[in-house]
Trainee: 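This is the structure I want to talk about, given as structure tokens.
Letters A, B, ... are given to chains in the order of the sequence lines, protein chains preceding strands, and every chain is numbered from 1.
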Amino acid sequence: MTYYYDTMLAEYIKNPGQRGLGLDALADKKFNYEMISYSDISEKKKLSFEEVDLQKAAIYSGEDVYMTYKLYKEQQANPYITNSSVLDSMELPLLKVLSDMEQTGIKIDRDILKGIWLRLEQAISELQKEIHDIAGVEFNINSPKQVGEILFESLWLPSSKKTKTWYSVNAEVLDWLKSEYPIAEKIVTYRHYSKLQSTYIQWLLEVATDEDRIHTSYNQIITSTGRLSSNSPNLQNIPTGNDIAWEIRTAFIPDADEDYLMAFDYSQVEVRLLAIMSGDENLLDAFKQGKDIHQVTGEFIFKTKDISGKQRQFAKAVNFWVIYGISPFGLSKMIDVTQKDAKVYIDAFYENYPKVREFFDDVILWCKRNSFVETMFARRRYIPSINDANKMIQKWAEREAINMPIQWTNADIIKLAMIQVVKMLEDGNYKSTMLLQVHDELVFNIKADEKDELEVKIPYIMENILNNAPIELKVDGAIWKNWKETK
DNA sequence: TAGGATTGCAA
DNA sequence: TATTGCAATCCTA
């Protein structure tokens, strides 16, 4: 067993959310030592490393090694780092898992992407013509400034919002206009198609390898929420829409014709975690009895067993937003009801899940005393602004404190699941591989003869990450010949 | 050419 | 007056 370590990961678990976790920054911060920069030895950054003068390269490299060691020693003297299992049992094993996923990549079908590209191109040029006709002048539809000029100073449509510098012309504004002014709707559609074409189709085709595979990079230490991020390309924001956007996912295909793509995603993890962590009986009972949690909350809020589809939607939003400590104002904006109604919904939620309120109050109190909050796995996040003199800042910090234990535990759970699932695949000598992580979803390439076993084993591991929890986590799975949307 | 501003995609 | 992050495009400095 090879031992490996990462000073950046250690620094991240100590204080997530901070910038400057690189060797240069840490050497400067901790030892007041200025590292030799690469441009110093490479003459205007033009030289690749093998071209650098050997003497200089040796000193540069030696310094890197020495500083890494010095930093390692410094970190190992920190009891939080050495006592926490988060680094050893979570982040470091995950590092290897992510590295393997990056190298594996996922296969795409270029022809499908090219086909979508052409159809988008056609639609975009038609829309462009129609928009220019209505405007009576040619302009750049991609330029918010020019769109604002045309809509509000040439066609004199009623303007609503402003940005810092100009009329706002975002989707919210255009949606408001589109029932009366067809140009607004056409611009919305134009933008939608341009977005798909340039940000997704174009970009995916550019970064795909000669073997038609896409290799994203995961960043393990960037977020302040414990999540991973993905870039070059970002495979965590591939569209899920139900129009042509949906077809982009059909271009993600298995390694071989006879293989399958399988996706498993955690369902309502955060509400389930809220139930577990708060210990609220009503919430726990609903899950134990396998009830539809949005229905249950809806029945509480609207005081009837017979709630409408719309009421269920409201209840769903309340279940979701309460975890973020949302205010009546925020909720009213989000689901388009009056502030008064929003307050009634939120109050009803707390009234019927009383231990949730207690749990949140306890978290805030704990945070005020200790300046940090923790996940179920004792991962810490410092929130010193919880004691800020400014009430606004304090309230903000309180929402952060409420949300952190749940959101970060959620992130921790899927990290552990990834490690355990990969271990199972390795121990069982399976040929199937884990390809992607999209926050609460894992995507696999599954060999045909392993399908029956793995479609049981993988979700079983995911659902049983928490030992001794009063309720199970729930995982939905789906098997495809491509990566289509589940919802 | 760099970077701020605006916009929009996901969870 | 949820959050986080990645990326495209325009356009000014």
Trainee: Output the single nucleotide from B/dA11, C/dG5, C/dT1 whose closest atom is nearest the side chain of A/Arg249.
Mentor: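 For the A/Arg249 side chain, the nearest candidate turns out to be B/dA11.
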Trainee: Would you mind reading off the distance between A/Met392 atom CE and C/dA2 atom P, rounded to a whole angstrom?
Mentor: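 The distance from CE of A/Met392 to P of C/dA2 comes to 10 Å, rounded to the nearest Å.
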Trainee: When you measure from the side-chain N and O atoms of A/Ser143 to the phosphate of C/dC11, is any distance below 4.0 Å, counting only OP1 and OP2?
Mentor: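 A/Ser143 to C/dC11 OP1/OP2: side-chain N or O found under 4.0 Å.
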Trainee: Select base, sugar-phosphate, or nothing to describe what A/Ser327 touches, counting heavy atoms under 4.0 Å on all strands.
Mentor: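 Since a base atom lies under 4.0 Å of A/Ser327, the category is base.
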Trainee: Determine whether the aromatic ring centres of A/Tyr345 and A/Phe302 lie less than 6.0 Å apart.
Mentor: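 Yes, they do, as the ring centres are separated by less than 6.0 Å.
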Trainee: Within the pair A/Arg191 and B/dG8, is there a side-chain N or O less than 4.0 Å away from OP1 or OP2?
Mentor: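 So the side chain of A/Arg191 is within the cut-off, an N or O lying under 4.0 Å from OP1 or OP2 of B/dG8.
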Trainee: Using a strict heavy-atom distance below 4.0 Å, which residues from residues 121-142 of chain A are in contact with DNA chain C?
Mentor: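 Residues of residues 121-142 of chain A that come under 4.0 Å of DNA chain C are, in numerical order, A/Asn140, A/Asn142.
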Trainee: Under the 3.5 Å rule, do the base of B/dC9 and the side chain of A/Asn237 count as making a donor-acceptor pair?
Mentor: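 Pair found.
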Trainee: Taking for each residue the nucleotide of DNA chain C with the nearest heavy atom, is it A/Phe329 or A/Pro144 whose nucleotide lies nearer the 5' end?
Mentor: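 The residue whose closest nucleotide sits nearer the 5' end is A/Phe329.
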Trainee: Regarding A/Trp203, tell me which of base, sugar-phosphate or nothing describes its non-hydrogen contacts under 4.0 Å with the strands shown.
Mentor: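 Sugar-phosphate contact only.
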Trainee: Nearest whole Å is fine: how far is B/dA11 P from A/Asp440 CG?
Mentor: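 In whole Å, B/dA11 P and A/Asp440 CG are 8 Å from each other.
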Trainee: Taking the minimum atom-to-atom distance to the side chain of A/Arg399, which one of C/dG5, C/dT1, B/dT7 wins?
Mentor: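 The answer is C/dT1, which lies nearest to the side chain.
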Trainee: If you check the A/Thr199 side chain, which of B/dG8, C/dA8, B/dA11 turns out closest?
Mentor: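 The answer is C/dA8.
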Trainee: Touch check for A/Ser230, heavy atoms < 4.0 angstrom, all strands: base, sugar-phosphate only, or nothing?
Mentor: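 Here A/Ser230 touches the backbone only, sparing every base.
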Trainee: For the side chain of A/Tyr324, starting at C-beta, report the closest nucleotide among C/dT12, C/dA2, C/dG5.
Mentor: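 Output: C/dA2.
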Trainee: Between A/Trp166 (CH2) and C/dC10 (P), how many Å, whole number?
Mentor: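 The answer, rounded to whole Å, is 17 Å.
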Trainee: Take the protein atom CZ of A/Arg227 and the nucleotide atom P of C/dA2, then report the distance between them rounded to whole Å.
Mentor: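 To the nearest whole Å, that distance equals 17 Å.
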Trainee: Applying a 4.0 Å non-hydrogen cut-off, can you work out what A/Ala171 is touching in the nucleic acid: base, sugar-phosphate, or nothing?
Mentor: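 Here A/Ala171 touches the backbone only, sparing every base.
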Trainee: Would you name the heavy atoms of A/Asn282 and A/Pro354 that are closest together and state the gap between them?
Mentor: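 In this case the closest contact between A/Asn282 and A/Pro354 is ND2-CD, 4.5 Å.
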Trainee: Starting from P on C/dA7, measure out to CD1 on A/Ile214 and report it in whole angstrom.
Mentor: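 Those two atoms, CD1 and P, are 12 Å apart.
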Trainee: Between A/Tyr353 and A/Phe349, what is the ring plane arrangement, given parallel below 30°, perpendicular above 60°, and tilted in between?
Mentor: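 The arrangement is perpendicular - the two ring planes meet at more than 60°.
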Trainee: Under 4.0 Å, heavy atoms only, any strand: does A/Pro328 hit a base, just the sugar-phosphate, or nothing?
Mentor: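 A/Pro328: no heavy atom of the nucleic acid under 4.0 Å.
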Trainee: Is there a side-chain polar atom (N or O) of A/Thr223 under 4.0 Å from OP1 or OP2 of C/dG5?
Mentor: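 It does not, given that no N or O in the side chain of A/Thr223 lies less than 4.0 Å from OP1 or OP2 of C/dG5.
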Trainee: Do A/Glu121 and A/Gln197 pair up side chain to side chain, a donor and an acceptor below 3.5 Å, judged on atom types alone?
Mentor: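 Judged by distance alone, the side chains do pair up.
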Trainee: Let's test this: given Watson-Crick or G-U wobble pairing with both distances under 3.5 Å, identify the partner of C/dA2.
Mentor: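 WC or wobble partner does not exist here.
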Trainee: Nearest of B/dT7, B/dC9, C/dA2 to any side-chain atom of A/Trp321?
Mentor: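 Nearest to the side-chain atoms of A/Trp321, counting from C-beta on, is C/dA2.
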Trainee: Touch check for A/Leu331, heavy atoms < 4.0 angstrom, all strands: base, sugar-phosphate only, or nothing?
Mentor: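 Nothing, no nucleic acid heavy atom in range.
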Trainee: Quick one: label A/Gln146 by what it contacts on the DNA or RNA (base, sugar-phosphate, nothing), any heavy atom closer than 4.0 Å.
Mentor: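 Sugar-phosphate, backbone atoms only, no base.
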Trainee: Please state how far atom CG in A/Leu120 lies from atom P in C/dA8, giving the value in whole angstrom units.
Mentor: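 Whole-Å distance recorded here is 16 Å.
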Trainee: Let's see if you can work this out: which of C/dT12, C/dC6, C/dA8 has an atom nearest to the side-chain heavy atoms of A/Lys145?
Mentor: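 My answer, after comparing the listed nucleotides, is C/dT12.
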Trainee: For A/Asp388 and A/Gln394, run side chain to side chain donor-acceptor pair (under 3.5 Å): C-alpha distance rounded to whole Å, both residues' side-chain angles, the deciding distance at 0.1 Å, then the answer.
Mentor: CA-CA 6 Å; A/Asp388 199 286; A/Gln394 213 181 93; over 6 Å; no
Trainee: Compute whether any side-chain donor of one residue and acceptor of the other, for A/Asn319 and A/Thr297, lie under 3.5 angstrom apart.
Mentor: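 Checked: A/Asn319/A/Thr297 side chains pair up, N/O donor to acceptor below 3.5 Å.
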Trainee: Rounded off to whole Å, could you give me the CZ-to-C1' distance for the A/Arg19 and C/dT4 pair?
Mentor: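 So the CZ-C1' distance, A/Arg19 to C/dT4, works out to 10 Å.
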Trainee: For A/Asp255, does its backbone N or O pair with a side-chain atom of A/Asn445 as donor and acceptor, under 3.5 Å?
Mentor: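 A pair under 3.5 Å: yes.
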Trainee: C/dA2 and B/dA5: how far apart are their C1' atoms, nearest whole angstrom?
Mentor: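 22 Å, rounded to whole Å.
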Trainee: Looking just at side-chain N and O atoms, do A/Ser232 and A/Ser217 make a donor-acceptor pair shorter than 3.5 Å?
Mentor: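 No donor-acceptor contact under 3.5 Å links the two side chains.
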Trainee: Using OP1 and OP2 only, check whether a side-chain N or O of A/His439 sits under 4.0 Å from C/dG5.
Mentor: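 For C/dG5, neither OP1 nor OP2 has a side-chain N or O of A/His439 closer than 4.0 Å.
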Trainee: Is it possible for you to check whether A/Lys162 lies under 6.0 Å from the centre of the six-membered ring of A/Tyr167, through NZ or CZ, and within 45° of that ring's axis?
Mentor: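 Output yes; distance and angle both within limits.
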Trainee: Between B/dA11, C/dA2, C/dC6, which nucleotide gets closest to the side-chain atoms of A/Ile222?
Mentor: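 Side chain of A/Ile222 sits closest to C/dC6.
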Trainee: OP1, OP2 of C/dG5 versus side-chain N and O of A/Thr225: anything below 4.0 Å?
Mentor: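 No, because none of the side-chain N or O atoms of A/Thr225 sits under 4.0 Å from OP1 or OP2 of C/dG5.
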